[in-house]
Amino acid sequence: HCARLWLYNAGAVTLGQHSIRFRLTVWYAAVLTAGLVLFSILVWLTLRQQLIADLDHDLDGRAKRLELYFRNESAKVGVHLEDELEEFCQALPETSYVTLTSGNGFNFHFPDKDQSTVPSRVLQRQFVFNDQSYDLELGTPLEDVTYVLGRLRLLMFSLVPLVIAIACLGGAWMSRRALKPVQ
């Protein structure tokens, strides 16, 4: 009984090896950490999904414009189609690529160099023009998406521990104040 009274007077209400204040702070930190980690993962995944969806939407728009341009230029007499397509593709982002082929021997690639080493989002579609089937493939780099997600990951990895540390200090202070009447 005297030892218990001494512990109460020392301000360390104990249960087992650790004080109630310590246990409250640890539980608070664990719940906060789990919540912040889950929140961070959901934010990262949602942003990734949205950036990829935006990229897909952009690729779809490019494909539609390229197909329309191909149809219009093909209808003109005396036009060298590969040159016109090359000019159209100059407006695409630098690391993008376009491949347009058909069974009749038409074969267009932009740019001439191989872009297979660049991580890309790819859209493939077919269309028919003058009873001929064409295969269109467009690719656009993922470097902007990767950069944004990398920056977000860096922010999360650096800020979440800081927020948890500050919250733990605040939790310890609050538990000390809340348990002061128990002493």
Side-chain angles (χ1 to χ4, degrees), residues 3-4 6-66 88-99 109-125 136-183:
R4 185 178 289 184
W6 180 81
L7 287 174
Y8 283 141
N9 289 335
V13 179
T14 59
L15 296 171
Q17 289 184 322
H18 298 290
S19 68
I20 292 174
R21 183 173 67 219
F22 177 80
R23 287 181 179 196
L24 283 174
T25 303
V26 168
W27 276 106
Y28 174 72
V31 169
L32 179 65
T33 300
L36 283 175
V37 167
L38 180 62
F39 174 77
S40 298
I41 290 170
L42 290 175
V43 165
W44 191 88
L45 289 173
T46 303
L47 180 61
R48 181 183 181 277
Q49 182 180 0
Q50 185 59 51
L51 290 172
I52 295 294
D54 290 347
L55 213 52
D56 289 344
H57 180 73
D58 186 47
L59 275 173
D60 186 56
R62 287 182 201 172
K64 288 176 182 174
R65 288 189 301 276
L66 183 66
F88 178 88
C89 291
Q90 294 293 327
L92 297 175
E94 191 174 309
T95 52
S96 295
Y97 73 89
V98 174
T99 301
H109 297 281
F110 177 85
D112 291 334
K113 60 186 177 202
D114 183 25
Q115 293 289 342
S116 61
T117 59
V118 178
S120 299
R121 189 74 174 171
V122 177
L123 173 107
Q124 295 176 332
R125 90 167 23 155
L136 174 62
E137 182 177 304
L138 285 101
T140 193
L142 287 171
E143 62 191 15
D144 291 340
V145 171
T146 304
Y147 176 78
V148 169
L149 292 174
R151 297 293 286 186
L152 178 62
R153 186 174 33 246
L154 177 67
L155 281 171
M156 296 292 188
F157 282 146
S158 60
L159 292 179
V160 166
L162 178 65
V163 169
I164 291 170
I166 292 169
C168 285
L169 291 174
W173 178 76
M174 284 176 38
S175 66
R176 184 176 53 238
R177 288 187 48 103
L179 293 175
K180 193 168 189 169
V182 175
Q183 293 176 6

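Computed from a predicted structure; not experimentally measured.
Side-chain contact between E143 and Y147 is absent, with no heavy-atom pair separated by less than 4.5 Å. Inter-residue side-chain proximity for M156 and V43 is flagged as met; some heavy-atom pair is nearer than 4.5 Å. Put simply, the side chain of T140 reaches to within 4.5 Å of the side chain of R62, judged on heavy atoms. With contacts defined as side-chain heavy-atom distances shorter than 4.5 Å, the pair I52/L142 qualifies.
Taking CG of L154 as the reference point, atom CG of L159 lies at 8.5 Å (rounded to 0.5 Å). Of the inter-residue distances, the one linking T33 atom OG1 with Y28 atom OH reads 10.0 Å to the nearest 0.5 angstrom. Within the model, atoms CG of L92 and CG of L66 stand 8.0 Å from one another, a figure rounded to the nearest 0.5 Å. Separating the CG atom in L155 from the OG atom in S40 is a distance of 10.0 Å, to the nearest 0.5 Å. Taking CG from L47 and CD from Q49, the interatomic distance works out to 10.5 Å, rounded to the nearest 0.5 Å. Once rounded to the nearest 0.5 Å, the distance linking OG of S120 with CG of L59 reads 9.0 Å.
Partner E137 forms a side chain to side chain donor-acceptor pair (under 3.5 Å) with one of R125, H109, Q124 and no other, that one being Q124.
Heavy-atom minimum distance, V98 versus C89: CG2-SG, 3.9 Å. Nearest heavy-atom pair, A167 versus L32, reported as atom, atom and distance to 0.1 Å: CB-CD2, 3.0 Å.
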